[in-house]
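Structure record follows, encoded as structure tokens.
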Number of protein chains: 2
Amino acid sequence: MGSNKKTLTTDSALLLDNQLCFALYSTSLAMTKLYKPLLEELGLTYPQYLVMLVLWEQDDVAVSELGSRLYLDSGTLTPLLKRMEAAGLLARSRSAEDERRVNIALTEAGRKLKARAARIPGCVVRAAQCPLPELVSLTQQVQALRQRLTA
Amino acid sequence: MGSNKKTLTTDSALLLDNQLCFALYSTSLAMTKLYKPLLEELGLTYPQYLVMLVLWEQDDVAVSELGSRLYLDSGTLTPLLKRMEAAGLLARSRSAEDERRVNIALTEAGRKLKARAARIPGCVVRAAQCPLPELVSLTQQVQALRQRLTA
DNA sequence: ATAAATTAAATTGCACACAATTTAATTGTG
DNA sequence: CACAATTAAATTGTGTGCAATTTAATTTAT
């Protein structure tokens with residue numbers, strides 16, 4: 001009985017649909033697909049949109065600052081920011097005080113894009129077909145989990 | 001006042017930390033990083049581990065079946081499965097009944113790997129520092145969201 | 001029965017993610 | 001002051017994800 005129970009437990013722990021990690025992974029990818037057509041109108045990919053969210057909150061930040069807000073490293077951000085610079089959304093410039101740092105600042109076109117992005121959150125909430133309080137609660141639970149995982 | 005309220009609402013809707021999508025995205029990436037050292041011992045990447053979870057539940061499935069279980073397409077799965085075949089974990093073979101299909105079957109080494117993977121869920125739950133019932137509840141909420149998004 | 005439509009994988013091309021390394025600048029220590 | 005340690009970006013290489021297309025097999029409709 002004892003070993004039988006252990007086997008059952010082990011098996012159920014390896015079931016795909018019992019995995020929180022897979023729920024997060026597949027739902028995050030589904031979210032990205034939902035954003036895709038909305039962001040295509042703005043000429044942004046989903047990670048680029050995240051960069052814009054940071055910059056619309058606080059312009060002129062270092063790459064490392066973007067990285068700590070988004071949990072991404074320079075290996076991801078450097079090429080991504082170069083593409084966004086080529087698209088005319090932002091400018092990359094070495095900091096004068098600390099030559100190691102590269103500051104990222106929105107261009108006028110980048111700032112203006114915020115107005116066109118304003119409708120996106122509403123579209124997403126509608127697609128989620130879920131009461132706003134539940135979405136807020138779910139967001140907080142997932143953030144709390146992230147905090148424990150990155151601690 | 002009316003336009004002021006609208007502006008405030010729009011702004012808060014674009015705050016990074018109010019985005020469920022970003023919570024899911026960043027937490028999913030954090031989860032993947034948590035798995036990385038555990039899976040490295042087994043010679044698996046995280047998406048490859050997901051393939052193994054499916055195959056340990058049901059061996060000998062078509063690529064399309066894997067895709068619908070994992071919400072991934074052949075563009076992702078084909079090269080991934082070729083790497084797993086090269087690693088000796090599974091075999092790819094054209095179906096006799098339907099020559100369009102490619103069946104994926106575990107090798108003996110692939111089946112045996114399940115025993116070594118058995119300890120992984122426990123490690124992850126421990127790292128999440130979260131009561132099991134809460135993890136189960138969160139999993140179900142995220143799955144429900146995925147269902148609404150993919151509907 | 002056969003042409004058109006559909007389906008299943010594979011392929012191609014692009015954009016992430018990230019570990020590991022490199023380069024360059026700054027900080028800390030004796 | 002010199003020099004080791006640290007820090008910030010960039011680079012390199014591997015492995016996803018996915019849209020769009022291609023190839024080949026099967027199904028459907030006529």
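In the text below, chain A, chain B and the rest are named by the order of the sequence lines, each starting its count at 1.
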Assess the side chains of B:Gln143 and B:Thr139: does a donor N or O sit below 3.5 Å from an acceptor N or O?
-> no

Looking just at side-chain N and O atoms, do B:Glu99 and B:Ser95 make a donor-acceptor pair shorter than 3.5 Å?
-> no

Applying a 4.0 Å non-hydrogen cut-off, can you work out what [X] is touching in the nucleic acid: base, sugar-phosphate, or nothing?
| X | answer |
| --- | --- |
| B:Thr45 | sugar-phosphate |
| B:Glu97 | sugar-phosphate |
| B:Leu77 | nothing |

With a 3.5 angstrom cut-off on both distances, give the Watson-Crick or G-U wobble partner of C:dC18, or none if there isn't one.
->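 Pairing partner, where one exists within any strand: D:dG13.
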
Side-chain donor/acceptor of B:Ser64 to base of C:dA8, under 3.5 Å = no

Rounded to whole Å, please give me the gap between [atom1] in [X] and [atom2] in [N].
| X | N | atom1 | atom2 | value |
| --- | --- | --- | --- | --- |
| A:Leu50 | C:dC16 | CG | P | 10 Å |
| A:Leu39 | C:dC14 | CG | P | 20 Å |
| B:Glu85 | C:dA10 | CD | C1' | 14 Å |
| A:Lys33 | D:dA19 | NZ | C1' | 11 Å |
| A:Leu81 | C:dA15 | CG | P | 14 Å |
| B:Lys36 | D:dT16 | NZ | C1' | 12 Å |
| A:Gln48 | C:dA17 | CD | C1' | 14 Å |
| B:Arg69 | C:dA8 | CZ | P | 17 Å |

From C-beta outward on [X], which listed nucleotide comes closest to its side chain: [options]?
| X | options | answer |
| --- | --- | --- |
| A:Leu29 | D:dG17, C:dC16, D:dA10 | D:dG17 |
| A:Arg94 | C:dA17, D:dA9, C:dA15 | D:dA9 |
| A:Glu99 | C:dT26, C:dA10, D:dT16 | C:dT26 |
| A:Leu80 | C:dA10, D:dA10, C:dC16 | C:dC16 |

Say whether, by atom type as modelled, one donor and one acceptor occur between the side chain of B:Trp56 and the main chain of B:Gly110 under 3.5 angstrom.
-> yes

Hey, does the side chain of A:Arg116 reach the backbone of A:Glu41 with a donor-acceptor pair shorter than 3.5 angstrom?
-> yes

Does C:dT27 have OP1 or OP2 sitting under 4.0 Å from an N or O in the side chain of A:Arg100?
-> no

Does B:Ser74 place a side-chain N or O at less than 4.0 Å from the phosphate oxygens OP1/OP2 of C:dA9?
-> no

Shortest non-hydrogen contact from A:Tyr49 toward B:Gln19 =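 So the minimum-distance heavy-atom pair works out to OH-OE1, 4.3 Å.
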
Residue met sooner reading DNA chain C from 5', once A:Thr76 and B:Thr76 are mapped to nucleotides =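 First, find each residue's nearest nucleotide; the 5'-ward one identifies B:Thr76.
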
Per nearest nucleotide of DNA chain D, the residue lying toward the 5' end, B:Ala96 or B:Leu72, is B:Leu72

Nearest-nucleotide 5' precedence on DNA chain D, A:Tyr25 against A:Asp98 | A:Asp98

A:Met52 vs A:Lys114 side-chain heavy atoms within contact, under 4.5 Å = no

